[in-house]
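Each chain gets a letter, A, B and so on, in the order the sequences are listed, and its residues count up from 1.
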Number of protein chains: 2
Amino acid sequence: MTNRAATIIDGKMIAATIRQSIAGDVAALRTRGVLPGLAVILIGDDPASDIYVRNKIRACESVGIHSAEYRLPATVTQSAVDAFIDTLNADQSIHGILLQLPNPAHIDTRALINRINPAKDVDGLHPLNIGKLVSGAPDAMIPCTPQGALKLIQSVRTDLTGLHAIVLGRSILFGKPMAQLLLAQNCTVTTAHSKSRDLPALCAQADILVAAVGHAGMVKADWVKHGAIVIDVGINRRPDGTITGDVDYKSVVPRASAITPVPGGVGPMTIACLLANTVAAAQQITA
Amino acid sequence: MTNRAATIIDGKMIAATIRQSIAGDVAALRTRGVLPGLAVILIGDDPASDIYVRNKIRACESVGIHSAEYRLPATVTQSAVDAFIDTLNADQSIHGILLQLPNPAHIDTRALINRINPAKDVDGLHPLNIGKLVSGAPDAMIPCTPQGALKLIQSVRTDLTGLHAIVLGRSILFGKPMAQLLLAQNCTVTTAHSKSRDLPALCAQADILVAAVGHAGMVKADWVKHGAIVIDVGINRRPDGTITGDVDYKSVVPRASAITPVPGGVGPMTIACLLANTVAAAQQITA
């Protein structure tokens, strides 16, 4: 086994390229009188959510997408949010609706997501969009983070046929759609999670290892096959406020053929793909 | 390794038990004036489809479900079938609509499935139902064959937590929903397929091995871990007209802890689950 240094996948740079291309798409839409619009709904005042929402709004501005930020108090009732979503569903200036998660405990998040017009569901969380993704429909709205993670994998290897991809995590936001995307690329796909046994030996089989577990540094060097592509989706906050991933980066780098850093890997891609979904929604709705 | 004989999972008997319970549900519905109704659409005259449809109709009769069989000529146009589905969607005496597959080549099957009212989609193939299954919605309509296969697995082991399940096949009819059902049971789940590498070594890791590949006898003894539960979804027709599964049954039986035969394993469960879905649809629609 030669010990070539791993390619550090530069999510920031790849995201910037995508954003440039989106800016072009937005300009094209505007020449035919369509200004893509994204509505972001934030319930309550979670500080992390606040930062995420601000970043999303700023990203919209940077590519010329119209954005509207709606901040609702933590005490808002379900039916008030319902009515609000109905209004945005009908609003012709809005093509994408994003409900920032998590919500306060009294809110039924699933009911709100189900209420969003699937054509405007830029997070891809409506069951209709999940079902379209699984069945390979060309107009599926694909959740942003797995969509971005796939692009990062494809930046180092275009043909994934026959590779064994292991996804750690099975959330509807990430793990499940990620597995579907890799399956569509003809990977053998394993989904593992907190109830899985013997994770190190399992993960050591992966040609592509995608970690989305929310445990800082959980994936150690001996979990990683020599030459594997390692995608770190974790965003874990250290006591000092900096963030770190699910992969024990320093020890894993010498084994991987390619790896995403945290920060600067998957994170920037999520926002780029949100912009891409918003533009795609505007294109489809106004087609 | 002790060599206890494998449990032969009797799908016929388990299906009969389910059908008995369904007959009770149907009787309960009828006392409040609801007669569950299933419409089966068959386009063209594929002989195998003809047999399947006849079996389904007969099964409906046996539990007191009203059934209506619609045979359309192989030359029927897409728009004629569209109009036909619209009629059935609106028909209050029909709670389940089943489009027998495969269709003639000129028919856009996906468009027809997408047209079926999801509440009446007893095959569970509409994207909304697939998405509901993936996101764990309690009212998901679950495709019949994987639903039946899971019941067979649970007939020999109720708690599947942490077991490694490997599903061979990734169709929307079976492999994909099967993987989701096993994931919901807390299995580690691998989906493998025709592009997967080194299937024997991969499959030999499975605690639960589910084969749906459509190749007679492909799964050999050395693909099977000692003590594994083996579920054979294959229905391959021999030259003499009899059917055989995807598993090399004779050689695998001594290694498995439990195995389904073909015929008499998964097959009878598919029809039982179709009846169950029809009753569930009638219950939900008339609730």
Side-chain angles (χ1 to χ4, degrees), chain A residues 109-111 113-114 118 121 124-141 143 159-173 175-177 179-180 182-199 201-203 205-207, chain B residues 109-111 113-114 118 121 124-141 143 159-173 175-177 179-180 182-199 201-203 205-207:
Chain A
T109 296
R110 179 40 73 186
I113 290 170
N114 291 356
D121 167 39
L125 294 179
H126 191 286
L128 187 68
N129 281 316
I130 298 169
K132 282 182 172 183
L133 166 59
V134 175
S135 48
D139 65 339
M141 196 70 82
D159 184 4
L160 309 180
T161 300
L163 299 183
H164 190 174
I166 300 186
V167 179
L168 294 178
R170 55 172 165 169
S171 71
I172 199 71
L173 270 147
K176 285 178 175 179
Q180 294 299 322
L182 290 163
L183 196 55
Q185 295 296 319
N186 295 321
C187 291
T188 301
V189 181
T190 298
T191 303
H193 46 80
S194 57
K195 303 282 173 63
S196 291
R197 296 178 186 163
D198 204 5
L199 278 177
L202 181 73
C203 291
Q205 299 180 42
D207 300 305
Chain B
T109 296
R110 179 40 75 186
I113 290 170
N114 291 355
D121 167 39
L125 294 177
H126 190 287
L128 187 67
N129 282 316
I130 298 169
K132 283 182 172 181
L133 166 60
V134 176
S135 47
D139 64 340
M141 196 70 82
D159 184 3
L160 309 180
T161 301
L163 300 184
H164 190 173
I166 301 187
V167 179
L168 294 178
R170 55 171 165 170
S171 72
I172 198 72
L173 270 147
K176 286 177 174 178
Q180 293 300 322
L182 290 163
L183 196 54
Q185 295 296 321
N186 295 321
C187 292
T188 302
V189 181
T190 298
T191 303
H193 45 79
S194 57
K195 302 284 173 61
S196 291
R197 295 177 187 164
D198 204 4
L199 279 178
L202 182 72
C203 291
Q205 299 179 43
D207 301 305

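The choice from N129(A), D198(A), T161(A) that makes the most heavy-atom pairs within less than 4.5 Å of chain B is T161(A). Annotation: maximal heavy-atom pairing with chain B below 4.5 Å, among L128(A), I166(A), L125(A), occurs at L128(A). Heavy-atom pairs under 4.5 Å with chain B peak, among L133(A), V167(A), N114(A), V134(A), at V134(A).
A donor-acceptor pair is defined here as one N or O able to donate and one able to accept, closer than 3.5 Å; such a pair exists between the side chain of D207(B) and the backbone of H164(B).
For the pair H126(B) and S135(A), the minimum side-chain heavy-atom distance is 4.5 Å or more. Within the 4.5 Å cutoff, the side chain of R170(A) has no heavy atoms near those of the T188(B) side chain. Contact check for Q180(B) versus K176(A): side-chain heavy atoms found under the 4.5 Å cut-off.
Only the side chain of I172(B) comes within less than 4.5 Å of a heavy atom in chain A; its backbone stays farther off. For K132(B), the parts lying near chain A are the backbone and the side chain together; criterion is any non-hydrogen pair under 4.5 Å. The parts of R197(B) that come within reach of chain A are both its backbone and its side chain, each placing non-hydrogen atoms under 4.5 angstrom from that chain.
To the nearest 0.5 angstrom, I130(A) atom CD1 is 8.0 Å from D121(A) atom CG.
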